[in-house]
Novice: 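Questions regarding the structure given below will be posed in turn.
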Amino acid sequence: MPKVLIVYFSHGGNTRRMAEALAQSVQAAGCEVSLQKVAQTSLDDLKAADGVLLGSPCYFGCMAAPMKAFIDESIKLFGKGELEGKPGGAFVSTGGIGGCGELALLSLNAALLIHGMVVQGLRSGGHQGPLAIGGPDERVLEECDRYGRQFAVLVQRLAG
Ligand SMILES: Cc1cc2nc3c(=O)[nH]c(=O)nc-3n(C[C@H](O)[C@H](O)[C@H](O)COP(=O)(O)O)c2cc1C
């Protein structure tokens, strides 16, 4: 069964709740899931995964610093292209409409693209990935479910 790593940072629990919803749907769609806080995640975990989802609150229009530090550390995998071709995706919780949450999603997706990963978009809803205002409401939970299932299909195709 393909392995999906869901890595997140969450100070207040909003992003964590999105990560948990995504984990359920990725698993229901047939992938093994490892749900991990960024502080407990190593570069070996990234290498071992068939697909990676990154989640962060929006801090000043960007991903939060602990997630950025982890991504900066992943430069060690960049030289040999160890993440190249793997599916990736992002999800964010932000404080309010117009609070630059989409920029935070873009900052996460940019990191995935720079590694040469294949980023899953969303045709209907938040096109860069699920974006919650505060905690995930019914709309965002439905979006996490759809995104998680689509992501699992992509991982299965590319791992197959
Ligand atoms: C240091 C800091 C910076 C923040 N910057 C933004 C921001 O630029 N835009 C915004 O909408 N919310 C901002 N927020 C609010 C968080 O994105 C929001 O509360 C989020 O839901 C927190 O997620 P969490 O519960 O997973 O920690 C900021 C919060 C903190 C603590």
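Here the structure is a predicted model, which means the values were calculated and not measured. By convention here, the first residue in the shown sequence is residue 1. Whatever order the structure lists ligands and atoms in, that order sets their numbers, starting from 1.
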Novice: Could you measure the distance from the OG1 atom of Thr15 to the CG atom of Leu54? Nearest 0.5 Å is fine.
Specialist: 12.0 Å

Novice: Check step by step if side chain to side chain donor-acceptor pair (under 3.5 Å) holds for Gln120 and Gln150.
Specialist: CA-CA 8 Å; Gln120 173 73 57; Gln150 281 182 11; 3.3 Å; yes

Novice: Kindly tell me which protein residues have any non-hydrogen atom under 4.0 angstrom away from an atom of ligand 1, grouped by chain and ordered by number?
Specialist: Ser10, His11, Gly12, Gly13, Asn14, Thr15, Pro57, Cys58, Tyr59, Phe60, Gly61, Ser93, Thr94, Gly95, Gly96, Gly99, Gly134

Novice: Closest approach of Pro136 and Asn14, non-hydrogen atoms and distance?
Specialist: CD-O, 3.7 Å

Novice: Please check: side-chain N/O of Ser42 versus main-chain N/O of Asp45, any donor-acceptor pairing under 3.5 Å?
Specialist: yes

Novice: Surrounding CD of Gln156 (heavy atoms of other residues, nucleotides or ligands, distance under 6.0 Å), is the total greater than 12?
Specialist: yes

Novice: Check this for me, if you would: do Glu32 and Lys3 make a salt bridge, where the nitrogen-to-carboxylate-oxygen distance has to be below 4.0 angstrom?
Specialist: no

